[in-house]
Amino acid sequence: MIEFRNVSKTYTAGKENVEAVHNANFTIEKGEFAFLVGTSGSGKSTLIKMILKEENPTEGNIIINGKDTTYLKQKRVPYLRRSMGVVFQDFRLLPDKTVYENVAFAMYIVNATPKHIRRQVPMVLSLVGLSGKAKMYPNELSGGEQQRVALARALVNNPSMLIADEPTGNLDPETAWDIMTLLNDINMRGTTVVVATHAKDIVDRMKKRVIHIDKGIIDRDDKKGGYNSEI
Amino acid sequence: MKFSYLIGEGFKNVFKNKKSTGASLMIMCATMMIFGLFFLIGQNVNYMLREIESEQGMQVFIKKEATEIEIEKLKQDIQKIEYVSTTKYVSKEEAFNIVKERYSEYGRFLEGYDIDRNPFKASYVVTLTDLSKSEEVRTQIEKLDSVNNIEMRDKTINALVTIANGVRWISFGILVILIFISIFIISNTIKLTVHARRKEISIMKYVGATNSFIRWPFIVEGIIIGVVAAMISILILGVSYNIIIGKIMESSITNMISITLLPFSEIVELVIVVYLGLGIGIGSIGSIISMRKYLEV
């Protein structure tokens, strides 16, 4: 569960103050699928960064899984991040590691046992449909496949939520739709999914909750909406 | 599992930047050797000081042809002199054995000598109640029969104390400079690996790796460079020290000057402890410094 209470974020650039997010209020329930839409520079990325606690809000509170993370100590941040998987537009895979190693890497970090790693990694790879490609390197894969690897890595530690920042930004429409369907499957298995995107077609087709942000203000929150309000 | 993973990553880092690792190794070795030179001189001066302080006063060498009765009489004569505290007899066999034992690893320089063909003289080690009166005591002892020569020890003490203090300050200064240079060098080398792996580090942060988990491989890398530099330095230092000491001992025995130097075996433990301490300390501090910027995500 993600809850924003009166959250504002102001960046200070030199003498100028830029308000990236103004008084944001919303709650994404456990097991929900939500799109975060808006043009670039609308404040979408800032919202994502605040969920990941890469940035701290200037005002207001952010509650994740029942805990107020606003005043979370820096030392506890890694443990917060273990409760969420993250994927990015540019995949962020390690080029000198195989698909298997890229995914296992996320498990090493949280001190998983080798036995657990050997069991869990193939399972997640089959979930994203990459069972046969475990030994390949990222540059031998297509963009869609690379994003699947990134998804497998995000999911391998069984996070309660998945945060995707423009996951289809680098993909052609067909592949993008495949990835979105995969995200939907993941959501069906009980994981909360938050997708920041400006892929209008996909958002319209998915008929999921849409939180629309414009110039830092959340101006629309439709339970089963499209990218634009009139549907 | 976790531990071996972190250590393994550290080793991988070391071999990733062979050139810059090699460069920092060499610079660290060079600075460590310069420090080592003064460190060893300092140790030797301290050693001489201790040796001599324990037998302050003078060593009265007895003529070779002196009989036992004459030797005994000499002792009583010395004891009668004012300011003399103790007189301790050192037979020439004892002198031979002390030297032979202490320098057993440099066996060659006593070659051709044994107890019967003994280059040393018997002596009395005379300690004084008041060191400032040593000149007076000396002139009185010189007048006695059977005295071959007298070697003063208090004079050398004053000179040695000055040298020892000088050497201590110089080696301390060099140590400080060494630490700064080495930390700078190591942190720069590690910055290269950190930079090369910044993508990996950011992924680790997003997946929920703790700072210490991210930091350890780089600390291990720093420690490896430091320890390897320390080991190379110890090796080169030990070999060259042994050669130099051997040469000095050979010339001292032929010139009949008594110099007491530390055999390497007696300080090797101290050298290892000091150098490994330096290597580990410098390595870990250097890498922590180089990491600071990259951990703020």
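Only this structure's heavy atoms are used, side chains among them; waters, hydrogens and symmetry mates stay out. Quick note on labels: first sequence line is chain A, next is B, and so on, each numbered from 1.
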(message) Suppose we screen for ring pair (Phe, Tyr, Trp, His ring centres under 6.0 Å). Which residues come up paired with A/Phe4, at least two apart in sequence or across chains?
(response) A/Phe26

(message) Between A/Arg153 and chain B, with a heavy-atom cut-off of 4.5 Å, which part of the residue counts as in contact: side chain, backbone, both or neither?
(response) side chain

(request) Go through the atoms of A/Asn102 and report whether side chain, backbone, both or neither lie under 4.5 Å from a heavy atom of chain B. (result) neither

(request) Give the intermediate values and the outcome of side-chain contact (heavy atoms from CB on, under 4.5 Å) for residues A/Arg82 and B/Thr210. (result) CA-CA 10 Å; A/Arg82 287 177 195 185; B/Thr210 54; 3.8 Å; yes

(message) Other residues, nucleotides and ligands only: do more than 12 of their heavy atoms fall within 6.0 Å of CZ on B/Phe172?
(response) no

(request) Give the minimum heavy-atom separation between B/Tyr206 and A/Arg81, together with the two atoms involved. (result) O-CB, 3.8 Å

(message) Counting only non-hydrogen atoms closer than 4.5 Å, does A/Leu93 touch chain B with its backbone (N, CA, C, O), its side chain (CB onward), both, or neither?
(response) backbone

(message) Counting neighbours of NZ on A/Lys30 that are heavy atoms of other residues, nucleotides or ligands and sit closer than 6.0 Å, is the number greater than 12?
(response) no

(message) Would A/Phe105 and B/Ile203 count as a side-chain contact (heavy atoms from CB on, under 4.5 Å) here? Give the steps.
(response) CA-CA 10 Å; A/Phe105 178 67; B/Ile203 294 168; 4.0 Å; yes

(message) If you compare all heavy atoms of A/Lys97 against all heavy atoms of B/Glu200, which two are closest, and at what distance to 0.1 Å?
(response) NZ-OE2, 3.9 Å

(message) Taking CD in A/Glu59 as the centre, count heavy atoms belonging to other residues, nucleotides or ligands within less than 6.0 Å. Is the count above 12?
(response) no

